[in-house]
Amino acid sequence: PISDVSSDLTIEVGASSFALHKFPLVSRSGRIKKLLVDTKDAKISHINLSSIPGGSEAFELAAKFCYGINVEIMLSNVAMLRCASNFLEMTEEFADKNLEARTEAYLKDMVLPNISSSISVLHHCESLLPISEEINLVNRLINAIANNACKEQLTSGLLKLDHNFPSKAMSNVAPETPSDWWGKSLAVLNLSFFQRVILAVKSKGLNQDMISKILINYTHDALQGLAVRDPHLVKGSMFDLELQRKQRVVVEAMVNLLPTQSRKSPVPMAFLSSLLKTAIASSASTSCKSDLERRIGLQLDQAILEDILIPANSHRNSHTAMYDTESILRIFSIFLNLDEDEEEDEEDPLRDENDTAYDFDSPRSPKQSSILKVSKLLDTYLAEVALDTNLSPLKFIALTELLPDHARVVSDGLYRAVDVFLKVHPNMKDTERYRLCKTIDCQKLSQEACSHAAQNERLPVQMAVQVLYFEQIRLRNAMSGGHNPFFFGATNSQFPQRSSSGVGSGAISPRDNYASVRRENRELKLEVARMRMRLTDLEKDHVSMKQEMVGSHPTNKLLKSITRKLRKLNSLFRINNMKAAGSKANSESRFLSHKRWRYSVS
């Protein structure tokens, strides 16, 4: 400061040195007063305050305040000045309207009522630890964010209500749309503060959808900052291991903050899938991966192929499979087991069985539609992973045996996947080939798939025979116009249904069986009608071909010419010998002529 009085006190803060005067500082700072006045050494002229929060910048502003110079308090320095005032003990005990009171007033009036301001100040508190924690500034900011967020949610709900039931005066005014702008601003916080904010808003009752959006935005920014941009990075190097560690910390923290697990969870499937892929790539904990697998299993009917194509963690071995099939096995098992558990728990004992079966048989039944979606998803996944030459046959067989029999209405997708796998893996053992093909239900193959399977040399002979046998039965039923009970889910001891080794292949509930039978009944009726039409066309083609063959064969033409010549010879023979021969010879000649005519081809 500009003064005619020479400096009598030097204060060092880090690498900076301040030549000041004792009186202005002692009049407002209790800490400096103790260091100067309360000591026995009255000639002390040098003080080191390197531990002050905020460093030299904070002390310079505090010193100006002690000299009476106006210091502008802003969002960028209020946290620093509040911590510095606490460190220097600039309280009301030593002067009125001291720096601590000034910063507290600014916090109450300008920071705590506003979400964005609170987040900004909280971000500056990260560099002021542990003083910012000791003066309870961090907790106050976090609670303020949580309270204001819930108020924002309530206000948005009221705006929606006004929009749905507008008053006459406000009918032409467009309502404000709720936004999560403050949720996006949370991305500036470090992971520790972010976790505490999310736990606080959860405890205050913030909407789960909003929490999910905040988590998705923060995770995207955090992991994007850790993305590897160097293509020449050596896997397993120190930098790579440090990168994996940071990714692992972020993923495990986000999983712990996810909303409660349920089938109607607001967390999108794509986000869960990306978390699981990162967790596997970064070698996250088993509990973290298990939590994500269960969440995906609960919402598996909402997944697409990209969501379950999870790359394997193969940085240590280049000969491993391309995809993590073991994780997919667990995910599908969770879905199947959960479906059975919920069916038992939610069953109403007062409900009529016929009503239950009728409702479940509906094509739009939630349970049945989800099972059909999952079965199609698995067949698509099998066709994709079948191209992997490093995938072992046993793992692929385990995937094909995963679903129960009633989950597939048509087995064409499974047949295509099996055929691709057999083509890519020509050196499979005969036992493995037979076990793999045994998972295909030949009764559920379409006409085109049956025709292809009957001529497929990659399939075992037993399966080709089975396909031909079922085709024969189907054709026989189509010709007779009847129905074989074998095609309607009836039990047949000679040809038992396969029993899947995967989870969820236990006893089928009666309403599941009834619904499956009715669906197969409708499908087979359509198939029989198509077979009848095809049989009629074949008969017409057969008759027309027979007529063409009879009319155009050269042997037939030769026989016709010989017959005509024999007729002429016979007529001449009768004229020349009519007088010489008697009536008996004449009758024999007529008989001979009639016999030749009878055996000639017309």
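Values below: all heavy atoms of this structure, side chains included; hydrogens, waters and symmetry mates excluded.
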*Residue pair M428, L422: steps toward the side-chain contact (heavy atoms from CB on, under 4.5 Å) verdict*: CA-CA 8 Å; M428 283 182 61; L422 293 176; 3.7 Å; yes
*List the steps, then state whether side-chain contact (heavy atoms from CB on, under 4.5 Å) holds for F421 with T400.*
CA-CA 11 Å; F421 189 82; T400 59; over 6 Å; no
*asked:* Evaluate D430 against Y434 for side-chain contact (heavy atoms from CB on, under 4.5 Å), listing each step before the verdict.
replied: CA-CA 6 Å; D430 293 339; Y434 176 75; over 6 Å; no
*What do the steps show when you test L382 against L378 for side-chain contact (heavy atoms from CB on, under 4.5 Å), and what is the final call?*
CA-CA 6 Å; L382 290 172; L378 180 59; 4.2 Å; yes
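When all heavy atoms are compared, the tightest approach of L329 to A398 is CD2-O, 3.8 Å. Heavy-atom minimum distance, A149 versus V201: CB-CG1, 4.4 Å. When all heavy atoms are compared, the tightest approach of I308 to L300 is CG2-CD1, 4.3 Å. Closest approach of C150 to L206, counting heavy atoms only: SG-N, 4.3 Å. When all heavy atoms are compared, the tightest approach of L258 to K202 is O-NZ, 3.3 Å. Summarising the geometry of D307 relative to K277, their closest heavy-atom pair is O-CE, 4.3 Å, with the distance given to 0.1 Å.
Within a 6.0 Å sphere centred on CZ of R196, heavy atoms belonging to other residues, nucleotides or ligands number more than 12.
Separating the CE atom in M269 from the CD atom in Q299 is a distance of 5.0 Å, to the nearest 0.5 Å. Rounded to the nearest 0.5 Å, atoms CG (L223) and OG1 (T278) are 5.5 Å apart.
At a threshold of 4.0 Å, the pair E326-K395 counts as salt-bridged, since one of the basic side-chain nitrogens sits closer than that to a carboxylate oxygen. Between D291 and R295 there is a salt bridge, since at least one side-chain N of the basic residue sits less than 4.0 Å from a carboxylate O of the acidic one. Salt bridge present: E242 and R245 bring a charged side-chain N and a carboxylate O closer than 4.0 Å.
The aromatic rings of H452 and Y415 stand perpendicular to each other, their planes meeting at an angle above 60°, with 30° marking the opposite boundary.
A donor-acceptor pair under 3.5 Å links the side-chain atoms of S375 to the main chain of L372, judged by distance alone. The closest donor-acceptor contact from the side chain of Q244 to the backbone of S283 lies at 3.5 Å or more, if one exists at all. Within the 3.5 Å criterion, the main-chain N or O of A187 finds no donor-acceptor partner in the side chain of D221. Judged by distance alone, with hydrogens and angles left aside, the side-chain atoms of R433 form a donor-acceptor pair with the main-chain N or O of R458 at under 3.5 Å. For D412 (side chain) and A449 (main-chain N/O), no donor-acceptor pair under 3.5 Å exists by modelled atom type.
Counting only residues at least two apart or in different chains, ring pair (Phe, Tyr, Trp, His ring centres under 6.0 Å) contacts with residues 280-301 are absent.
The closest side-chain heavy-atom distance from L391 to M322 is not below 4.5 Å. Looking at Q302 and L377, their side chains never come closer than 4.5 Å, going by heavy atoms from C-beta outward. At least one side-chain heavy atom of L199 sits under 4.5 Å from a side-chain heavy atom of L257. When side chains are defined from C-beta on, E252 counts as touching S285, because their heavy atoms get closer than 4.5 Å.
Shown are R416, R408, K444, K373; of these, the salt bridge (Lys or Arg N to Asp or Glu O under 4.0 Å) with D379 is made only by R408.
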